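Comments concern the structure below.
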Amino acid sequence: MNGFYWIYLVMIAFLLGYEYAGTREQKRLLYYGACGFLILIFVAQDFSVSIDIAEYMRQWAIIPTLSFREMLAHKFEIGYVLLCWVLERVFSSDRVLLLVLGVMILVPFCRFFERETENPMIALMAFVALGMYMHAMIFWRQLVAMAILTYSCRFIREHKFVPFLLMVLLAMTFHKVSIVFLALYVIYRIPITKWLLIGCAGGAVVLGFFGDKIIDFGIRVLYPRYTTFPRLSIGGGTLLALLWTVTLLSYWLLRDRMDEDRIRLPFLMILIAATIQPVCFAFYNFLRVVLFFRIALVPMTAELYVALFRRKEGNRALALLERYTPALHRAVLRIYDKKWFQVAAQLFLFAVLFVWYDSELDGAVYIMAPIH
């Protein structure tokens with residue numbers, strides 16, 4: 001994490017500039033400036049962040065020597081293999097691969113946050129504070145696949161299965177686990193009620209107790225070659241707590257808006273993640289499945305911030321204060337519309353999220369490589 005702190009501080013500077021910018025054009029310039037900064041850091045990293053990257057770069061040297069038939073049989077998905085094959089033949093520097101991947105990951109997510117949230121800078125900051133940017137720097141293929149899937153959301157809402165399926169298949173050319181996103185097409189129309197939450201909570205408990213048996217069965221039937229694969233169980237408790245906290249807080253604050261596409265989609269994704277995450281206690285690598293739905297924590301963070309600190313009407317938190325602590329409610333109302341109060345709320349929010357991620361690290365220890 002030695003390099004992550006100053007990246008976080010630079011993003012805080014972009015966040016403050018965005019909040020105090022005078023025009024929409026200035027805000028957009030700062031927003032995409034922050035996106036460009038993250039791409040620059042992505043390109044400037046060395047290759048010692050994780051063993052994943054070491055393997056990516058080893059394969060970068062091998063892939064150009066393969067025939068097309070050998071590329072089809074490669075352990076990496078064909079989309080990523082072809083990308084490496086083309087780039088290595090056109091450009092001499094492996095930095096081009098990082099540049100292309102950085103753009104393929106961050107630009108779609110930035111456009112998605114801009115389209116799906118009222119305050120995209122909050123979402124982009126949450127992308128960093130919640131550790132998604134660190135995931136992007138390590139799990140290249142998976143984050144490219146997830147970025148592609150951001151374009152599939154409109155087809156879920158419009159009931160257009162064929163283009164939705166094509167987007168999922170395209171994402172699968174970079175990471176085959178993208179197939180789990182098909183479930184969202186069906187789940188999207190399920191009514192969101194307290195009974196759905198209770199049922200999902202019960203399912204999470206069952207998966208927590210019987211996850212090891214489920215994984216054993218799945219490996220024997222679907223992936224017998226992984227029967228000897230070490231199934232580590234490392235951490236994950238604080239992630240589960242965060243997912244359910246956001247689920248319940250979102251339902252409490254935003255349940256009158258659950259029919260809005262902007263709220264419904266990330267809520268259901270977080271609910272899915274909260275339900276299936278206990279499997280990770282038995283099989284840590286299952287977090288790579290959870291990650292496809294966990295990304296929804298990012299836009300939901302922006303929506304929760306707006307609901308808490310930018311809207312007085314229908315604000316359930318303010319109504320709760322008024323009911324039980326009228327004096328505190330009056331004090332909050334006096335400063336609620338002040339810019340410094342809203343900015344202070346942002347800084348507090350991201351300090352909490354950053355401390356959570358720094359302590360959790362998904363149960364592992366990642367080292368931010370030196371920049372050179």
Side-chain angles (χ1 to χ4, degrees), residues 3-4 7 11 34-45 47 49-57 59-60 75-84 87 94-116 120 123-153 167-181 184 239 266 269-270 272-273 285-301 357 361-362 364 366 368-369:
F4 191 54
I7 293 175
M11 288 298 295
C35 174
F37 166 73
L38 293 177
I39 293 174
L40 178 64
I41 297 302
F42 190 97
V43 176
Q45 65 173 301
F47 303 131
V49 174
S50 76
I51 58 174
D52 298 75
I53 295 178
E55 180 60 15
Y56 281 139
M57 300 319 299
Q59 293 300 325
W60 164 263
K75 66 178 182 177
F76 290 160
E77 289 80 359
I78 189 61
Y80 179 80
V81 171
L82 286 176
L83 179 67
C84 291
L87 291 178
D94 52 20
R95 293 287 153 185
V96 175
L97 175 63
L98 292 175
L99 175 60
V100 171
L101 289 172
V103 170
M104 290 179 70
I105 292 170
L106 287 159
V107 171
F109 275 122
C110 284
R111 290 178 62 84
F112 178 74
F113 300 152
E114 189 177 35
R115 185 174 65 248
E116 296 292 328
L124 186 59
M125 188 66 202
F127 187 81
V128 175
L130 285 164
M132 298 305 300
Y133 182 62
M134 283 292 288
H135 283 297
M137 297 188 79
I138 297 171
F139 305 129
W140 296 350
R141 292 176 298 120
Q142 186 164 6
L143 266 294
V144 169
M146 291 164 63
I148 292 171
L149 289 173
T150 63
Y151 295 104
S152 73
C153 295
M167 295 305 300
V168 173
L169 291 175
L170 178 60
M172 288 178 66
T173 65
F174 283 87
H175 204 286
K176 59 176 136 336
V177 178
S178 303
I179 195 172
V180 301
F181 217 69
L184 195 60
L239 173 59
M269 289 175 67
I270 295 169
I272 293 171
N285 286 56
F286 194 74
L287 275 172
R288 300 199 178 193
V289 176
V290 175
L291 191 62
F292 275 91
F293 302 106
R294 172 185 168 178
I295 184 64
L297 287 170
V298 173
M300 187 56 79
T301 297
Y357 181 67
L361 287 175
D362 288 353
Y366 300 145
M368 184 73 180

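Quantities reported herein were computed from a predicted structural model and do not represent experimental measurements. Along the sequence shown, residues carry numbers from 1.
- Of the possible donor and acceptor atoms, none in the side chain of Tyr133 sits under 3.5 Å from a partner among the backbone N and O of Leu124.
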**Study point:** Full working for side-chain contact (heavy atoms from CB on, under 4.5 Å) between Ile295 and Phe109
**Key:** CA-CA 10 Å; Ile295 184 64; Phe109 275 122; 3.7 Å; yes

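- Summarising the geometry of Met269 relative to Ala296, their closest heavy-atom pair is CB-CB, 3.5 Å, with the distance given to 0.1 Å.
- Taking the side chain as every heavy atom from C-beta outward, Met104 and Phe174 approach each other to under 4.5 Å.
- The CD atom of Gln142 lies 4.5 Å from the CZ atom of Phe292; values are rounded to the nearest 0.5 Å.
- Side chains of Leu83 and Val144 form no contact here, defined as non-hydrogen atoms less than 4.5 Å apart.
- Note that CD1 of Ile105 is 5.0 Å distant from CG of Leu143, once rounded to the nearest 0.5 Å.
- In this structure, Tyr56 and Trp140 have parallel ring planes: the angle between them is below the 30° cut-off, well short of the 60° mark.
- Between Leu130 and Arg294, the shortest heavy-atom distance links the atoms O-NH2, 3.2 Å.
- Counting heavy atoms from C-beta outward, Phe293 and Phe181 have side chains that approach closer than 4.5 Å.
- Ring geometry, Tyr80 versus Phe76: the interplanar angle exceeds 60°, so the pair is classed perpendicular (tilted spans 30 to 60°).
- Between Thr173 atom OG1 and Ile148 atom CD1 the span is 5.5 Å, to the nearest 0.5 Å.
- The CD1 atom of Ile78 lies 12.0 Å from the NZ atom of Lys176; values are rounded to the nearest 0.5 Å.
- Leu87 CG to Leu82 CG: the interatomic distance, rounded to the nearest 0.5 Å, is 10.5 Å.
- For the pair Pro299 and Phe113, the tightest heavy-atom approach, listed with the atom from each and the gap, is CD-CE2, 4.2 Å.
- Distance check: Arg288 CZ to Arg141 CZ gives 7.5 Å after rounding to the nearest 0.5 Å.
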**Study point:** side-chain contact (heavy atoms from CB on, under 4.5 Å) between Leu98 and Arg95, worked out
**Key:** CA-CA 5 Å; Leu98 292 175; Arg95 293 287 153 185; 3.3 Å; yes

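- No side-chain heavy atom of Phe42 sits less than 4.5 Å from a side-chain heavy atom of Val103.
- With a 4.5 Å cut-off on side-chain heavy atoms, Thr150 and Arg111 do not count as touching.
- Side-chain contact check for Phe127 versus His135: every heavy-atom pair is 4.5 Å or farther apart.
- Considering every non-hydrogen atom in both Ala147 and Pro108, the closest pair reads O-CB, 3.7 Å.
- The neighbour count for Leu169 CG, taken as heavy atoms of other residues, nucleotides or ligands under 6.0 Å away, is above 12.
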Exercise for review: Test Gln59 against Lys75 for side-chain contact (heavy atoms from CB on, under 4.5 Å), laying out the working first.
Suggested key: CA-CA 10 Å; Gln59 293 300 325; Lys75 66 178 182 177; 3.9 Å; yes

